[in-house]
Colleague: 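Following this message is one structure expressed as structure tokens.
FYI, side chains are in, hydrogens and waters are out, and symmetry mates aren't considered; it's all heavy atoms of this structure.
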Amino acid sequence: YRYNSSPTFTGSVSDGWSSAAAQKLAQDEGLRARRSWLFLDDGIASLITHATSNSTNPVLTTVANQNLADGEQIFVTTKPGPKGVPGGSVPLGSMCADGGSNWRADAITSIHHNHSSYFIHADSANARVHIDCSRLTGDYSRISTNPGNASGRLFRISIEHALTSGEQIGFAVLPNQDNASASGVTMKGSDVAHVLSNHSAGIASMVFWAAGKANVALSSAHPQLSVAVNAPCLLLLKGSDKALAVSASNPDRPDLKLRVTVEGSVSGSATCDLPGGDRMGQSVNCSSSFRWRDASKSDDAAATPIPLQR
């Protein structure tokens with residue numbers, strides 16, 4: 001998917017196994033935002049920054065919108081509060097069924113329902129998380145050829161943006177994981193880049209909105225890498241002991257010769273010849289020349305490429 005007009009920076013990157021995506025969002029109503037996704041084996045993570053709107057209507061990001069599982073309780077895990085107020089797991093009960101409940105986005109750690117865990121990553125005290133499982137009735141013919149009304153209880157999570165300067169709103173969804181204690185995903189945005197990483201899996205997405213530099217904690221073998229690029233792009237990084245692989249794409253700049261420079265436990269560069277024409281936006285597995293820094297040896301060792309598929 002990409003816009004026919006401005007902005008055109010909307011695309012994805014993949015190494016044939018894992019993937020990530022990014023979008024500069026622009027709507028006629030004046031809504032603007034930058035959004036990125038990291039798709040993992042066991043879930044999805046997303047980050048939204050630079051959200052602005054000319055409308056008086058609230059701006060919301062939908063996290064969940066599905067049928068409510070009968071008999072399944074909804075739990076909200078909160079962070080410890082001020083003055084020693086402990087955090088913990090709170091069952092919503094009737095608060096969810098009777099019009100829903102609202103929470104400070106920076107006070108919630110996670111929400112659990114129907115064997116799935118939803119993690120909220122927010123730094124704004126003014127943003128709100130809405131959780132609702134009340135009954136809704138609507139005209140089914142609006143979305144189907146079948147006439148008549150449909151009614152049911154839906155499980156809905158949405159985050160209402162405060163639209164303050166520097167606001168960062170993110171979430172991670174882990175299906176089939178009951179009461180997971182952590183998402184395993186870290187995320188951070190800036191004017192230059194979005195960085196989403198799963199340290200235990202050794203995978204990260206880096207969306208560079210402009211040429212520049214950003215840091216990423218990729219894995220235990222690569223706890224802090226500094227990555228610089230010479231043009232806007234989407235990067236997918238995979239790292240393990242003595243190994244690093246880089247895949248890249250650019251959705252709106254044809255025939256780009258992208259250069260990726262890495263410093264840290266691995267140092268060196270990767271060259272990515274990104275295509276144009278009908279193949280513009282296609283992912284490329286970059287040709288790299290990295291050296292692994294071994295603190296126990298005086299000489300560096302060559303980093304090993306990671307196979308594209310398991």
Colleague: Are the side chains of L60 and I159 in touch, meaning some heavy atoms are under 4.5 Å apart?
Modeller: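 Counting from C-beta outward, L60 and I159 never come under 4.5 Å.
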Colleague: Roughly how far, to the nearest 0.5 Å, is the CE atom of M206 from the CG atom of L38?
Modeller: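 Reported to 0.5 Å precision, the distance equals 12.0 Å.
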Colleague: Does Y118 have any ring pair (Phe, Tyr, Trp, His ring centres under 6.0 Å) partners at least two apart in sequence or in another chain, and if so, which?
Modeller: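 Ring pair (Phe, Tyr, Trp, His ring centres under 6.0 Å) check on Y118 returns F155.
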Colleague: Test of understanding: with side-chain contact (heavy atoms from CB on, under 4.5 Å), list the residues that count as partners of N102, not counting sequence neighbours.
Modeller: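 Result, side-chain contact (heavy atoms from CB on, under 4.5 Å) vs N102: H130.
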Colleague: Any chance you could lay out the disulfide (SG to SG under 2.5 Å) test for C272 and C286, step after step, and finish with the verdict?
Modeller: CA-CA 5 Å; C272 319; C286 305; 2.0 Å; yes
Colleague: To the nearest 0.5 Å, what is the distance between CG (D252) and CG (N250)?
Modeller: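 With rounding to 0.5 Å, CG (D252) is 5.0 Å from CG (N250).
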Colleague: Between S205 and H194, do the side chains contain an N or O donor and an N or O acceptor separated by less than 3.5 Å?
Modeller: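 Looking only at side-chain atoms, H194 and S205 do not form any donor-acceptor pair under 3.5 Å.
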Colleague: Does the side chain of S134 pick up a donor-acceptor pair with the side chain of D132 at under 3.5 Å?
Modeller: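 Per modelled atom types, S134 and D132 side chains form a pair under 3.5 Å.
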Colleague: Nearest heavy-atom pair of A248 and L235: which atoms, and what distance?
Modeller: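 Minimum heavy-atom contact is CB-CD2, 3.6 Å.
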Colleague: Is it true that L31 and L163 fall in one hydrophobic cluster, defined by side-chain heavy atoms closer than 4.5 Å?
Modeller: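 Same hydrophobic cluster.
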Colleague: For the atom pair NE2 (H113) and CD1 (I131), what is the distance rounded to the nearest 0.5 Å?
Modeller: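 Between H113 NE2 and I131 CD1, I get 11.5 Å after rounding to 0.5 Å.
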Colleague: Do V207 and F39 belong together in a cluster built from hydrophobic side chains that touch within less than 4.5 Å?
Modeller: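 Different clusters: V207 never reaches F39 through Ile, Leu, Val, Met, Phe, Trp or Tyr contacts under 4.5 Å.
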Colleague: Kindly indicate, with the supporting measurements, whether the criterion side chain to side chain donor-acceptor pair (under 3.5 Å) is fulfilled by S158 and R128.
Modeller: CA-CA 8 Å; S158 60; R128 291 290 183 267; over 6 Å; no
Colleague: S269 and T261: side chain to side chain donor-acceptor pair (under 3.5 Å), yes or no, with the steps?
Modeller: CA-CA 4 Å; S269 63; T261 304; 5.6 Å; no
Colleague: Give every residue pair that meets the side-chain hydrogen bond (donor to acceptor under 3.5 Å, both in side chains) criterion with at least one member in residues 206-228, sequence neighbours excluded.
Modeller: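 Residue pairs passing side-chain hydrogen bond (donor to acceptor under 3.5 Å, both in side chains), neighbours aside: H222-S265.
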Colleague: Taking atom types as modelled, is there a side-chain donor on N126 or H161 under 3.5 Å from an acceptor on the other?
Modeller: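 Judged by distance alone, the side chains do not pair up.
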Colleague: Would you kindly say whether T61 and R35 are connected by a side-chain donor-acceptor distance under 3.5 Å?
Modeller: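 Side-chain D/A pair, T61 to R35: absent.
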Colleague: Step by step, work out the side chain to side chain donor-acceptor pair (under 3.5 Å) result for S200 and N198.
Modeller: CA-CA 6 Å; S200 61; N198 186 310; 2.8 Å; yes
Colleague: Are H112 and S110 linked by a side-chain donor-acceptor pair shorter than 3.5 Å?
Modeller: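 Checked: H112/S110 side chains pair up, N/O donor to acceptor below 3.5 Å.
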Colleague: Within the 3.5 Å criterion, strictly below it, is a donor on N285 or S283 matched to an acceptor on the partner's side chain?
Modeller: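 Judged by distance alone, the side chains do not pair up.
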Colleague: Run the side chain to side chain donor-acceptor pair (under 3.5 Å) test on K238 and S18 for me, step by step, so that the C-alpha distance in whole Å, both residues' side-chain angles and the decisive distance to 0.1 Å come before the verdict.
Modeller: CA-CA 9 Å; K238 282 187 174 179; S18 303; 3.1 Å; yes
